[in-house]
Amino acid sequence: MTDSASTAPAHPGLPATGRSTAELLADLAALRAADLPTRGRRTTAYVYDSGRPEVRAAAEQAYLAMLEVNGLDPTAFPSVVALERQVVGATAARLGGDDATPGIFTSGGTESILLAVKAARDARPDLTDPELVIPATAHAAFHKAGAYLGVRVVSTPVDPAGFRADPDAMAAACTDRTVLVVASAPSYAHGVIDPVAEIAADAARRGIPCHVDACVGGWLLPWLADAGAPVPAFDLSVPGVTSLSCDLHKFGYAPKGASVLLFRDEAMRLRAYYACAVWPGYTVVNPTVQSSKGAGPLAGAWATMQALGEDGYRELGRAALAATARVVEGVKAIEGLTVLGSPDATLVALGTDADLDLFALADESRARGFFLQPQLSVDGLPANLHLTLTGVSAEGVEDLLAVLAESADAVRPLGPPRPPADIVALLEQVDLTELDNATFAALLPAAGIDLSSADGPARMAPVNRLLDALPPTVRELIATRFLSALYSPHLGG
Ligand SMILES: Cc1ncc(COP(=O)(O)O)c(C=O)c1O
């Protein structure tokens, strides 16, 4: 390490002379000590662990083998085309398409969704005010796509008990400006599959394309169906479905940066592409938002699929399904906890029928080694804790239930969540857009947030209680302010 005064770097973050790989890896290991574990069964969101060291090794090595290949120009690096054709082809074959189904390998669900919305918008150049009709439970990526692409998002209410999209409400929201309607298979927040066939049929009658967001479910549901789960048709085999997104970096168990966007027809895929020849450099033609891009994620996804094979995915699906059934059953025995709706996949939202402080429960579980993801109330849909159960979850399911039961016992005496009324009132009056980062950061301790902790905020309940009590627009302002403060080193420790 070069930390003496004489060798202090002139440029922060850049050493005066190069450092050894061993030192760098030691730095990374130290930094990662505060991260959630990425392997095993205790992180029930963000990560998807196949639990198979040989599969991980194949992905790692394939990723590294393609580390320096640039997907910018497929004529310069034809390996990218060959791999992408295989990955897209395998995905299409499992999701109602075939080897002629047009697709794009993208960096993730959000990019797939952005491109699906771009393709639909660009199919209607006659419209100056295009609209996108979604169920309220659709992923935030559709709101992001609307914001980035200038498409108005029309959100429709879902069935308040089952959390599924309401096809009638969606049909009623369609106008002659609607460029796309959306269904989730399943939704992330509640893990339920929307009535895809009805939504797509109505869209087709109106001549409107229909996108199925199978980002989380696309590479899971077919294997659950093989394991005997009742999975309604949701893919390109359903008449009226015109595009579908399926993330391989979720239940494909591939390293991050891997999703596939499928189109029913070639003309739609063309509209997702972008070309530019009005500048003096090389002619740009991109299938994705990124232009230069490493081929590592593509190779990692390809290798993971090849290393697991159908049998591997089927086995992981079976294990995840068994874990989910056990969680749903086990939660019934925990006083105050419920499962929201009837999950169709292996994603579960835990709610409360006794006003338990779920945010405190998440902290208690985290202190006992299990991460559960808080989801705030919105549009009349209750706050809950999210669990994604994967192929490795089955091994730890009894530990998880024991932790949930202990955590529920610990928070029951607290009663319902009590947001800090004074801070809520203050935040409702302050114009957050006018605050500078330093003033905002100075407010954080009052809300129980300590930016100076190297380990990140240990207790998130105060933050979640506060955010939950505020309208979504204020939450968004606070969240962006928080991010800005977090990335401002002079405000932290
Ligand atoms: C249903 C669904 N759609 C879209 C996304 C966005 O995917 P990403 O985080 O890869 O951009 C997710 C992520 O969880 C999802 O579950």
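Quantities reported herein were computed from a predicted structural model and do not represent experimental measurements. Worth knowing before you read on, the calculation uses all heavy atoms, side chains too, and leaves out hydrogens, waters and symmetry mates. Ligands are counted one by one from 1 in listed order, and the atoms in each one are counted from 1 as well.
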Part of A141 within contact of ligand 1 (heavy atoms, under 4.0 Å): neither

Atom 8 (P) of ligand 1: which of E111, K250, H386, H139 has the nearest heavy atom? K250

Residue K256 excluded, over 12 heavy atoms near NZ under 6.0 Å: yes

Sole residue of T288, T91, D247 in side chain to side chain donor-acceptor pair (under 3.5 Å) with S259: D247

Please work out which of the three classes, parallel, tilted or perpendicular, describes the rings of Y48 and Y253, given edges at 30° and 60°. perpendicular

Take the angle between the ring planes of F163 and H190 and call it parallel below 30°, perpendicular above 60°, tilted in between. parallel

Residues L224 and D344: closest non-hydrogen pair is CD1-O, 4.3 Å

Near Y188, which atoms of ligand 1 are under 4.0 Å from a heavy atom of that residue? 14 (O), 16 (O)

Nearest protein heavy atom with distance in Å, relative to atom 3 (N) of ligand 1: D213 OD2, 2.7 Å

A student checking ligand 1 against D247 at a 4.0 Å heavy-atom cut-off should list atoms 7 (O), 10 (O)

Could you tell me, atom by atom, which parts of ligand 1 come under 4.0 Å of a heavy atom of H249? 10 (O)

A student checking ligand 1 against T110 at a 4.0 Å heavy-atom cut-off should list atoms 6 (C), 7 (O), 8 (P), 11 (O)

Can a non-hydrogen atom of I113 be found less than 4.0 Å from any atom of ligand 1? yes

Side chains of Q375 and Y188: donor-acceptor distance under 3.5 Å anywhere? no

